[in-house]
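Accompanying notes for the structure given below.
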Amino acid sequence: MFINEYYHNLDEKGRITMPSKFREQLGDELFLTKGMEKCLFCYPKTGFYILTDKLNKLSLTRKEARAFSRMFFAGASNQKFDKQGRFLIPKNLREYANITSDVAIIGVSSRIEIWDKKAWEDYSNLNSMKFDELSEQIADLDL
C-alpha cells in the first residue's frame, strides 16, 4: 500500500527520484499514465496488469469505454529505475500534468500519483476544507 506525500525536483532530463519506500514496493520498474485532475497515475507492474484486465472487460460497443482506454493506454509508459532511484517522466506526460520542476509524489493506496507541486498544493488545500463533506458523501461505503 502506498501512503504519504513526498516532494522532489525534476532534473534537466525529465527524471525524478522515487521515494525509497515506494521503490521497495514497485520493484525495478513502474507504469505511468494519465490520471484524473491532470496528475499522473503510477502503478507497480502487477497493479497495472490487474487494471489492464479490468479495462479489457469493458464493452467495446460503449463509446466512453473506447475513449477512456485509448487515452489511458496511449499515454502509458513503462519506466525502469536507474542506480539513483530516478526514472524518466516522458515529455508527453510532463506536458499533460504541467510538470516543469517541482513535483509532489502522493501515495494513494494501490497507486502513486505524481503532480506538479503547485497543482497538488492547490488541490489539497481546496479539498482539505471539504474533507468532512466528502467523508459524509462516501459514508455509505462503510469505512
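For the numbers below, each heavy atom of this structure counts, side chains included, while hydrogens, waters and symmetry mates do not.
For the atom pair CD of Gln25 and OG1 of Thr46, the computed distance is 10.5 Å after rounding to the nearest 0.5 Å. In this structure, NZ in Lys118 is found 12.5 Å from CG in Asn98, a value given to the nearest 0.5 Å. Separating the NZ atom in Lys57 from the CG atom in Leu55 is a distance of 10.5 Å, to the nearest 0.5 Å. Taking OG of Ser124 as the reference point, atom CD of Glu5 lies at 6.0 Å (rounded to 0.5 Å). Taking CG of Asn9 as the start and CG of Asp102 as the end, the distance is 5.0 Å to the nearest 0.5 Å. Arg94 contributes atom CZ, which lies 11.0 Å from atom CG of Leu32 (distance to the nearest 0.5 angstrom).
Below 30°, between 30° and 60°, or above 60°: for Tyr43 and Phe48 the angle between ring planes is between 30° and 60°, a tilted geometry.
In the hydrophobic clustering, where aliphatic and aromatic side chains (Ile, Leu, Val, Met, Phe, Trp, Tyr) are joined below 4.5 Å either directly or transitively, Ile3 groups with Met1.
Thr17 contributes no side-chain N or O that, together with a main-chain N or O of Gly85, makes up a donor-acceptor pair within less than 3.5 Å. Under a 3.5 Å cut-off, the side chain of Asp53 and the backbone N or O of Tyr49 do not form any donor-acceptor pair. The main-chain N or O of Phe41 is never found under 3.5 Å from a side-chain atom of Arg111 such that the two would form a donor-acceptor pair.
Inter-residue side-chain proximity for Ser20 and Arg23 is flagged as met; some heavy-atom pair is nearer than 4.5 Å. Leu10 has its side chain out of reach of Lys117: every pair of non-hydrogen atoms, C-beta onward, lies at least 4.5 Å apart. Side chains of Ile99 and Leu40 form a contact here, defined as non-hydrogen atoms less than 4.5 Å apart. Between Pro19 and His8, some side-chain heavy-atom pair lies under the 4.5 Å cut-off. Residues Leu93 and Lys34 have side chains in contact (heavy-atom distance under 4.5 Å, counting atoms from C-beta outward). Using a 4.5 Å cut-off on side-chain heavy atoms (C-beta onward), Leu51 and Phe31 make no contact. When side chains are defined from C-beta on, Pro90 counts as touching Gln79, because their heavy atoms get closer than 4.5 Å. At least one side-chain heavy atom of Lys63 sits less than 4.5 Å from a side-chain heavy atom of Arg66.
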For this session: Check the pair Lys80 / Phe87 against side chain to side chain contact (heavy atoms under 4.5 Å, CB included), numbers first and verdict last.
Result: CA-CA 6 Å; Lys80 294 195 181 279; Phe87 67 96; over 6 Å; no
Problem set entry | Full working for side chain to side chain contact (heavy atoms under 4.5 Å, CB included) between Arg86 and Asp11 | CA-CA 10 Å; Arg86 297 173 301 190; Asp11 73 10; 4.0 Å; yes
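Evaluation of the side chain to side chain donor-acceptor pair (under 3.5 Å) rule for Ser59 yields Thr61 as partners, not counting sequence neighbours.
Grouping the Ile, Leu, Val, Met, Phe, Trp and Tyr side chains by contacts below 4.5 angstrom, directly or via other members, places Tyr6 with Phe81. Connection of Tyr123 to Ile106 is established within a shared hydrophobic cluster, with ILVMFWY side chains joined at heavy-atom distances below 4.5 Å, either directly or through further cluster members. Under the 4.5 Å side-chain contact rule for hydrophobic residues, Val108 and Leu26 do not share a cluster. Note on Trp115: it does not cluster hydrophobically with Ile112, by side-chain heavy-atom contacts below 4.5 Å among ILVMFWY residues. Hydrophobic clustering (side-chain heavy atoms under 4.5 Å, transitive across Ile, Leu, Val, Met, Phe, Trp, Tyr) keeps Trp120 apart from Phe22.
Ala65 and Leu58 get closest at one heavy-atom pair: CB-CB, 3.8 Å.
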